[in-house]
Amino acid sequence: MKISFWLLDINYEVKDKGAEAWLWGVEITGKRVLIIDRDFLDYFYAVLNEGADPSRVIEEIKSEKHLPIEKIETVERKFFGKPVKAVKVYCKDPDAMSKCARALRNIEGVNDCLENDIRFSMRYLIDNNVVPCGWHEVDVVEEKSSMEVHVDHVYEAKSKPKLLEKSDVPKLKILGFTTTYYSKEGSPKPNRNPVIGISVATSQGKTKEFWAKEDNDDKPLLEAFVACVRDFNPDVVVGYGVNGNDWPYLTDRCKQLGLHLYVDRTKTEPHTSSYGHVSITGRANVDLSDYADEFPEVKVKTLENLADYLGIMKIESRILIEDVEVANYWDDKTKRQMLKRFSLDNARCVMGIAEAILDFAMQLSNLVSLPLDHVGAAAAGFRVEWFLAKRTRESGELIPKRIEQPYRPYSGAIVLEPKPGLHENVIALDFKSMYPNIMINYNLSPDTYVPPKEPEPEGGVYEAPEVKHRFRKEPPGFYKQALSELIEVRNKIRSKMKTADAKSPQHRVLDARQKAVKVITNAMYGYAGWTGARWYMKPVAEAAAAWGRHTIASTIKMAENEGLNVVYGDTDSIFAKNEPEKVDKLLVEVKEKLGLEISRDKMYVRIFFTEAKKRYAGLLPDGQLDIVGLEVMRGDWAAVAKKVQEEVLEIVLKEQSPAKAAKFVQDFIYELRQKRVAYRDLIIWKTLAKPAEEYAVKAAHIEAARMLREKGWELSVGDKVGYVIVNGAGRLYERVKPYMFATYDEVDIEYYATKQVVPAAARVLASFGITEDQLLSNETKEKGSKKLTDFFGS
DNA sequence: GCGTTCAATGTACCT
DNA sequence: ACAGGTACATTGAACGCG
């Protein structure tokens, strides 16, 4: 029987007869299925020394009778572009591969063993061209089994699944949840604090709540939650921060209570796996917090903030409850309803965010071939790496071992000194995908690099400016092939998108896919220079950067020769006074001489540069401000300062009246001193970037974190701490309090005036001769006194 | 002993 | 745990003074 299925999850089971690949999927009919493939043998390579005799090595391997080796064959492969002979060693037990590889490394003639570190599931996906979140066709027979598996059919595969062109996504059942723990003081711990609530929302628009009774006994609610999951039988389970918090907590708590957290499709419990994600067999467990980085505009990445940003639930419409307050809300019967509402709303937010993110997540999973539950947890470097690993099947490249390389810095891009002040009518020109195109044009790749001592190969080399690294022109390298394909695929998707209705599901899927392709394309250069990369090759990254510098420097020269006035530039962009005919000519000349495409990007009616690089603000034709690098864009300044600076920029750019802006600042400071600004606008957020003991100096946010810990609130690396500066003497770090522990009365308003609002405003206004002192003086509030406008006009 | 100076530290941003 | 280039606030030790 032939069936078509969409691959949701993969795992493997080791049985006496060997390992089985378990493919979990959704049939085209909508049936949920498990397909078991018992016909795949895991393997690794023993790479031979040059000139070694393969048959002798094979004899020796065969003599190692104690090793669970099933089959051996000689093969031709490539390693960093060089042809090598290797012995492919098949093992029945995937878990014994590393042991085998270690033993075979000692055999004479064996240079090294490779790919023993590729896990069975990934091996299966790569070798058989089976792709997560993709459709396949496979021959199967129904399995007569007594196994308790929560799907419509269990099949045994009678062929290898064959990838289909079909690119839609089946209708999936999604379940989102949030939890509430009860702890009077400090972070909840599974060994002492019960789960008092779990709220659930599903893709079918239903919600469910499980709350503890008066005795706070969580056993019944946990049992009810498990039953709810099994009953709904979702394909995808989503939450926010679930990999690090909820799943470990719930698993541990259930263990304490003697319960089984059987939320999967077999009867196993959630378990931590690759990249720290939690695996739920037969379902895709997706932690939405893994995708928060896709939204850099959101600075403090809480569920509430992300939902607000995505327009799912506006924060103003909500009652927010801090962790510190949860127990109080629960204990106070008059407030308990608010806590329940808060939790349910959060579950709805989780479902809303899932709907916004899952398309992208599935396309990313499909593109790089990491299962949906792995791909979010995998860092950018690993996503690129698996994308490349997947391509070794065609290229015959062996996958290198991961070797931690010593860090060796190299020079990167050029940033031009901006011409400070206001400029009218400026155009930004930029190279699209500069590094990827450079890597393609000059065939920069780990397998095309020609080390200095090697003679120039036939067919010639490209030699990078300044750094002089050489790369063979032919054949096309591993990176070039991958990048060309990515760029071509993205162009195809984008042209296809134009023919699809912008609101159609097809358009959504295509847009998600082109974003996934873009992310991987843009990360390839960084990957090449990452010391943790399997295909790390510093000369590749260094040469790309050198060609980038050459490109932008040449472009500036051409622009100036053309008579254009270049006012700024960074890496792959230049900003110039807009003279359309000259720009037209430049675009053509650059393309001709450099073989790279530069195009018009943003047009600025007016643009303002400070004296610093990477910080400017421009007025766009539609009236929007484009603010870059300034305090407005930063997450570590109090909202008061950011709001004032934004208003100042608005006045300066639109009305061209620094005096009016200065007046606004003075008035604002008056309001600030009257304590009329919202308390939350005074909070400063900073990330804990390392463990407490590793800090060499004292600092405000570290001190605030210490105070939280003292009260039992656990913080870990990567967490953001919100604090305010309070009245008192001494260093800044001696006058800090976590914002939930301080009151408005304690706040040191003068700090916010002199160290937040005024510097942020002065960053802009200093260019117009307005000093911090002038901004701080409140003389405009006194009747009859001279106003700044008297000095500067309006 | 005290105020000033400046390199080091730490975070977050830009492309 | 993709790269390097950059700004900026704050700390804290070195420095200068007499």
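The structure presented is a predicted model; accordingly, all values stated were derived computationally and were not measured.
Cation-pi geometry between Lys690(A) and Tyr695(A) is met: under 6.0 angstrom from the ring centre, within 45 degrees of the axis.
Within the 4.0 angstrom heavy-atom criterion, only backbone atoms of the sugar-phosphate kind lie near Ala696(A); the bases stay farther away. Within 4.0 Å (heavy atoms only), Tyr616(A) reaches sugar-phosphate atoms of the nucleic acid but no base atom. No engagement by Lys538(A) is indicated, since no non-hydrogen atom pair under 4.0 Å with the nucleic acid exists.
Residues Ala377(A) and His277(A) approach most closely at CB-CB, 3.6 Å, considering heavy atoms. Minimum heavy-atom separation, Glu397(A) to Phe80(A): OE1-N, 3.0 Å.
In this structure, the CH2 atom of Trp547(A) is 18 Å from the C1' atom of dA3(C), given to the nearest Å. Put simply, OH on Tyr695(A) is 20 Å from P on dA8(B), counting in whole angstrom units. Rounded to whole angstrom, the span from the CG atom of Asp293(A) across to the P atom of dA12(B) amounts to 12 Å. Atoms NZ (Lys690(A)) and C1' (dA8(B)) sit 11 Å apart, rounded to a whole Å. Note: OH (Tyr275(A)) to P (dC2(C)) measures 11 Å, nearest angstrom. If you take CG of Leu370(A) and P of dA1(C), they are 16 Å apart, rounded to a whole angstrom. Straight-line distance from the CZ atom of Arg383(A) to the C1' atom of dC2(C): 11 Å, rounded to whole Å. Rounded to whole Å, atom P of dT15(B) lies 13 Å from atom NZ of Lys518(A).
Taking 4.0 Å as the cut-off between side-chain N and carboxylate O, Asp748(A) and Arg735(A) count as a salt-bridged pair.
Looking at Lys720(A) and His701(A), their side chains never come closer than 4.5 Å, going by heavy atoms from C-beta outward.
For DNA chain B, the residues of residues 679-689 of chain A within the heavy-atom distance limit of 4.0 Å (strictly under) are Lys686(A), Thr687(A), Ala689(A), sorted by number.
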Give the B/S/- string for nucleotides 4-11 of chain C, one per nucleotide from 5' to 3', where a protein heavy atom under 4.0 Å of the base yields B, of only the sugar-phosphate yields S, and otherwise -.
-> BBSSSSSS
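For Lys642(A), there are no side chain to side chain donor-acceptor pair (under 3.5 Å) partners, not counting sequence neighbours.
The aromatic rings of Tyr449(A) and Phe471(A) are tilted relative to each other, their planes meeting at an angle between 30° and 60°. Taking the six-membered ring for Trp and thresholds of 30 and 60 degrees, Tyr616(A) and Phe575(A) have ring planes more than 60 degrees apart, a perpendicular arrangement.
OP1 or OP2 of dG10(B) has not a single side-chain nitrogen or oxygen of His701(A) nearer than 4.0 Å.
Taking CG of Leu586(A) as the reference point, atom CZ of Arg600(A) lies at 9.5 Å (rounded to 0.5 Å).
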